Amino acid sequence: MADLLSLNIKELNSAIEQMGEKKFRAKQLYDWLHNKLVWDYGEMNNLPKELRRKLSKEYPLPYIEEVQRLQSKLDGTNKFLFKLKDDNIIESVIMQYKHGNSVCISSQAGCRMGCYFCASALGGLVRNLEPSEMLLQVYNIQRITGKRVSHVVVMGTGEPFDNFDNLLKFMEILNSEQGLNISGRNVTVSTCGLVEGIRKFADRKLSATLAISLHAPTDDMRRRLMPVANRYSIEDILEACRYFIEKTGRRVTFEYSMVQGYNDSEEHAKMLSDLLKGMLCHVNLIPVNPIKERDYKQSEPERIERFRSILEKNHVNVTVRRTLGADINSSCGQLRRSYADR
Ligand code: SF4
């Protein structure tokens with residue numbers, strides 16, 4: 001059965017026309033679904049009753065249900081666990097910044113990429129999320145918190161380029177004028193480095209930000225943290241990033257989780273600078289969040305600062321990511337994991 005919430009306006013037009021209805025009904029319906037955020041046909045009072053009855057019968061709407069919400073007392077970060085129609089659990093977060101409210105969403109239930117430091121990887125991939133299930137994370141959070149979402153980061157559970165078509169449809173609907181109209185510039189897609197995905201994404205020439213989870217300055221070190229490094233070398237990834245920059249004119253963000261005594265020395269900082277020197281990019285240093293299943297620790301603040309200053313001295317743009325929601329299981333996939341354990 002078609003999932004109307006995953007359809008763009010053109011596809012919704014044809015679905016409505018096939019039901020023998022006038023085109024403008026599709027526009028009204030789209031407005032309810034993606035702007036007013038109402039997903040109960042009964043409440044769509046500018047649609048004829050007969051159409052509402054037909055829609056409920058032929059197109060039951062997807063939903064996600066809030067099962068847990070944790071609110072940080074430190075900084076207003078809220079973390080949500082949502083249950084999908086088939087009982088899978090996914091995790092999403094809203095963070096407040098000076099520039100607006102940013103929601104971090106999941107693109108898959110589980111993940112097959114197996115990154116060593118990631119709680120989401122522990123149970124493997126369960127399934128891809130539909131565009132509607134990605135949208136519903138943003139929509140529900142806006143409705144529940146009453147806060148207008150201005151930025152979206154696809155950085156929760158899942159590898160977005162492993163669910164490429166659904167990701168693009170999600171971005172298209174999110175960006176549509178008749179929907180929440182969140183500009184592509186305010187959307188960040190974070191990948192562990194799937195080279196074909198980066199190139200395909202570049203070819204679409206969207207204005208979104210591309211973030212790469214790099215985490216190590218050599219292939220050997222990276223392989224120990226991320227199995228995907230056995231498929232793609234750092235050089236392959238950087239080449240794909242240069243292609244992205246050439247196609248879009250947008251800078252690339254490199255995420256670098258700082259693990260105590262592993263990838264945080266001065267030498268590592270110099271190696272990373274050599275890799276990225278001259279590239280239109282930005283490095284985000286992330287004090288890694290320990291998870292109980294693994295035995296690594298976060299780098300000390302002085303070491304992170306030293307690392308940062310070496311990059312800066314080498315003219316690489318760099319910031320240290322502020323830790324948000326430190327009091328609420330803030331590491332990616334951690335809350336979902338503890339829910340599953342229970
Ligand atoms: S860090 Fe991202 S890509 Fe890696 S296992 Fe976790 S969710 Fe998957």
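Note that these values count all heavy atoms, side chains included, but never hydrogens, waters or copies made by symmetry. Not measured: the values here are computed from a predicted model. Sequence positions, counted from 1, serve as the residue numbers for this chain. Order of listing sets the numbers, starting from 1, for every ligand and every atom in it.
- Not one N, O or S atom of C115 sits under 2.8 Å from atom 6 (Fe) of ligand 1.
- Counting heavy atoms of neighbouring residues, nucleotides and ligands inside a 6.0 Å radius, atom CD of E267 does not exceed 12 of them.
- Of all the atoms in ligand 1, the ones that sit under 4.0 Å from a non-hydrogen atom of M113 are 3 (S), 8 (Fe).
- Side-chain contact check for S183 and N186: no donor-acceptor pair (N or O, by modelled atom type) lies under 3.5 Å.
- By the 6.0 Å contact criterion, CZ on R127 is enclosed, its count of non-hydrogen atoms from other residues, nucleotides or ligands being greater than 12.
- The atoms of ligand 1 that sit less than 4.0 Å from any heavy atom of G114 are 5 (S).
- For E235, the CD atom sits in a packed shell: over 12 heavy atoms of surrounding residues, nucleotides or ligands are nearer than 6.0 Å.
- Taking 2.8 Å as the threshold, C111 does not count as a candidate ligand of atom 4 (Fe) of ligand 1, since none of its N, O or S atoms lies below it.
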